[in-house]
Amino acid sequence: MMKLFTTTSNLIEQMVAWRRDFHQYPETGWTEFRTASIIAHELSILGFQVQVGKEVVSEERMGVPSDDELAVYYENAKSNGGYLEYMEKMVGGYTGVVGTIKGRKAGPTIAFRFDMDALDILENDELTHLPKQFDFRSKYAGKMHACGHDAHSAIGLGLAKVLANNMDQIEGTIKIIFQPAEEGVRGAKSMVAAGVVDDVDYFLSMHVGINVPLGTVIAGADGFLATTKIDAKFTGKAAHAGAEPEKGKNALLAAASAILGLHTITQHSDGASRINVGTCISGDGRNIVPAHASLKLETRGENNSVHTYVHEQALSILEGASKMYGTELSYEIVGEAKTCASSEELVDLVGLTAKGIDGVEEVLLRSKFAGGSEDATYMMDKVQRQGGLATYAIFGTTLAAGHHHEKFDIDEAVFPIILNTWLETIGRIYEYQRK
């Protein structure tokens, strides 16, 4: 296939610079004011139609930080190079960005999705850690890009730059979606609700690493677990534990009973399931009947029906434990993702393309996603249900440590592999469309 798009000699260096800049200023879900505003600024310079804030993020958001927290992160971004022109449209944590570019020829609408958020992790400070050694370690204590979304954002900008310089080769429309709050599977659903993929015919998403070696490309990851993240709170009544224990309503016992019950949910014959209670916080003192208890838990299922079963069982157990101890239960859904399989036709196109890319040594058409859940599945599912094709690719790279680890870092040699694969996949889509 003839190469459709040409790149500049210093583009990879620019992508590395973007990635290392984003790495220094990590922002967690719904607080990506600096990252998103820089992306919006760069897209605008390149001539993209830029949409930000409530134009691309609906009110259907989950797990949004408090107004006070958002204000702190907003000021951090303001002090560290964020662009107020765009940040002002993101007030309240509406930190999504979509860049759209239209070609001079008729054709399909192709969308690429890149996530931007970081994690609540204190980055390693040893000199052997390359971000420390090369002076791009996180400047925000307790925040870190420990999953590779800084790289994803830089790749999205690199793709945008090539497209802007090759307008004559674009057929139809290309959208680049920069998604907030992927961690905790919170952001994609709200962008789908805002309509960002309503017109999309081909949807491509990706992740670097995932314990896949540099030079290996997985064209279509499958096996995402459907999941729900739940914050539950039991409210009881405090009492003196020695003098009047009978007057109390023990929220801690309700929570403890719920935890034991949750971990005994019967397995479903239609597929695997998971449940985990990650935190339990309760009580004020050893001689006080606990009046409050909070749980953070998650349910997962191999398919949507299994997950629905586990989720409903979990809610019943929470409610039953609360009633048993006379407490009041409240809960909030703070994250959700579906299960979704990559489209066979698009997997084949990406796989065929990757085989011809310099640096690619092995191409796997399909593989189970080792990371569990991913909310790009909301976008994939929406595109597929409206008749389009979608895939989720994995681009292997050498990791200094596993994902979500304080020493996480990637080999940036993967950048040209990803960029060239996506660019040439566009050309293959055009060929496929014309058949």
Side-chain angles (χ1 to χ4, degrees), residues 19-20 22-32 35 62-63 65 73 95 113-126 128-132 136-155 178-188 205-214 216 218 221 223-231 274-279 296-300 334-337 367-377 392-412 414 418:
R19 181 252 166 168
R20 295 187 178 190
F22 294 146
H23 191 92
Q24 292 179 73
Y25 300 96
E27 298 168 305
T28 50
W30 305 123
T31 73
E32 305 95 330
T35 306
M62 299 173 287
Y73 300 133
T95 45
R113 174 269 203 174
F114 302 95
D115 39 14
M116 303 180 290
D117 56 325
L119 288 151
D120 291 311
I121 294 176
L122 178 64
E123 186 163 9
N124 185 271
D125 197 31
E126 298 172 7
T128 53
H129 182 52
L130 288 183
K132 171 70 173 182
F136 65 97
R137 180 181 175 272
S138 170
K139 295 182 183 295
Y140 293 159
K143 308 285 182 185
M144 179 190 173
H145 270 293
C147 199
H149 298 182
D150 50 347
H152 297 176
S153 298
I155 292 160
F178 293 89
Q179 182 204 311
E182 186 282 326
E183 302 293 353
V185 290
R186 294 173 285 162
S205 48
M206 55 144 287
H207 210 295
V208 295
I210 315 292
N211 300 316
V212 176
L214 180 66
T216 296
I218 299 171
F224 299 100
L225 299 178
T227 185
T228 301
K229 317 301 183 184
I230 306 170
D231 286 354
R274 304 281 190 275
I275 189 157
N276 187 61
V277 180
T279 69
K296 292 183 182 294
L297 63 139
E298 64 176 20
T299 60
R300 300 187 196 242
V334 296
E336 285 182 329
S367 179
K368 288 278 188 179
F369 182 70
S373 303
E374 168 50 90
D375 72 346
T377 51
Y392 191 102
I394 305 294
F395 292 90
T397 190
T398 306
L399 302 179
H403 293 268
H404 297 207
H405 189 282
E406 64 170 9
K407 291 185 178 180
F408 178 87
D409 189 34
I410 69 165
D411 187 340
E412 294 158 340
V414 73
I418 300 171

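Hydrogens, waters and symmetry mates play no part in the numbers below; they use all other heavy atoms, side chains included. Computed from a predicted model, the values in this text were never measured in an experiment.
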Considering only heavy atoms from C-beta outward, does the side chain of [X] approach that of [Y] to under 4.5 Å?
| X | Y | answer |
| --- | --- | --- |
| Arg274 | Leu225 | yes |
| Asp125 | Arg137 | yes |
| Thr31 | Pro65 | yes |
| Lys143 | Ile121 | no |
| Asp409 | Leu399 | no |
| Asp117 | Pro180 | no |
| Lys229 | Arg186 | no |
| His149 | Pro26 | no |

Query raised in the report: Are His145 and His152 near enough that their ring centres are under 6.0 Å apart?
Result: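 Here the rings of His152 and His145 have centres that are no less than 6.0 Å from each other.
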
Report task. Of all the heavy-atom pairs spanning Thr28 and Leu119, show the shortest one and how long it is. Result ->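 Closest approach of Thr28 to Leu119, heavy atoms only: CG2-C, 3.7 Å.
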
Query raised in the report: What closest approach, in Å, do Ala151 and Ile410 show between heavy atoms, and which atom pair accounts for it?
Result: CB-CD1, 3.6 Å

Just verifying a value: how many Å separate [X] [atom1] and [Y] [atom2], rounded to the nearest 0.5 Å?
| X | Y | atom1 | atom2 | value |
| --- | --- | --- | --- | --- |
| His207 | Thr397 | NE2 | OG1 | 12.0 Å |
| Met116 | Phe178 | CE | CZ | 8.0 Å |
| Ser205 | Asp115 | OG | CG | 9.0 Å |
| Tyr140 | Tyr73 | OH | OH | 10.5 Å |
| Glu412 | Leu130 | CD | CG | 9.0 Å |
| Cys147 | Glu182 | SG | CD | 6.5 Å |

[Y]/[X] salt bridge by N-O under 4.0 Å criterion:
| X | Y | result |
| --- | --- | --- |
| Asp411 | Arg19 | no |
| Lys407 | Glu123 | no |
| Arg113 | Asp375 | yes |

**Report entry** Pair Thr35-Glu27, side-chain donor/acceptor within less than 3.5 Å
**Finding:** yes

Main chain of [Y], side chain of [X]: is a donor-acceptor contact present, judged purely on distance under 3.5 Å?
| X | Y | result |
| --- | --- | --- |
| Glu32 | Ala181 | yes |
| Glu126 | Thr128 | no |
| His404 | Ala146 | no |
| Trp30 | Met62 | yes |

Report task. Test Ile155 against Met206 for side chain to side chain contact (heavy atoms under 4.5 Å, CB included), laying out the working first. Result -> CA-CA 10 Å; Ile155 292 160; Met206 55 144 287; 4.3 Å; yes

Query raised in the report: After noting the C-alpha distance and the side-chain angles of Leu297 and Asn276, does the key distance pass the side chain to side chain contact (heavy atoms under 4.5 Å, CB included) rule?
Result: CA-CA 6 Å; Leu297 63 139; Asn276 187 61; over 6 Å; no

Query raised in the report: Stepwise, does the side chain to side chain donor-acceptor pair (under 3.5 Å) test hold for Ser373 with Arg300?
Result: CA-CA 8 Å; Ser373 303; Arg300 300 187 196 242; 2.8 Å; yes

Report task. Take His403 and Ile210, measure what side chain to side chain contact (heavy atoms under 4.5 Å, CB included) needs, and give me the verdict at the end. Result -> CA-CA 7 Å; His403 293 268; Ile210 315 292; 3.9 Å; yes

Query - Trace of the side chain to side chain contact (heavy atoms under 4.5 Å, CB included) decision for Ile230 with Val334 - result: CA-CA 6 Å; Ile230 306 170; Val334 296; over 6 Å; no

**Report entry** Ring geometry between Tyr392 and Phe224 (parallel below 30°, tilted from 30 to 60°, perpendicular above 60°)
**Finding:** perpendicular

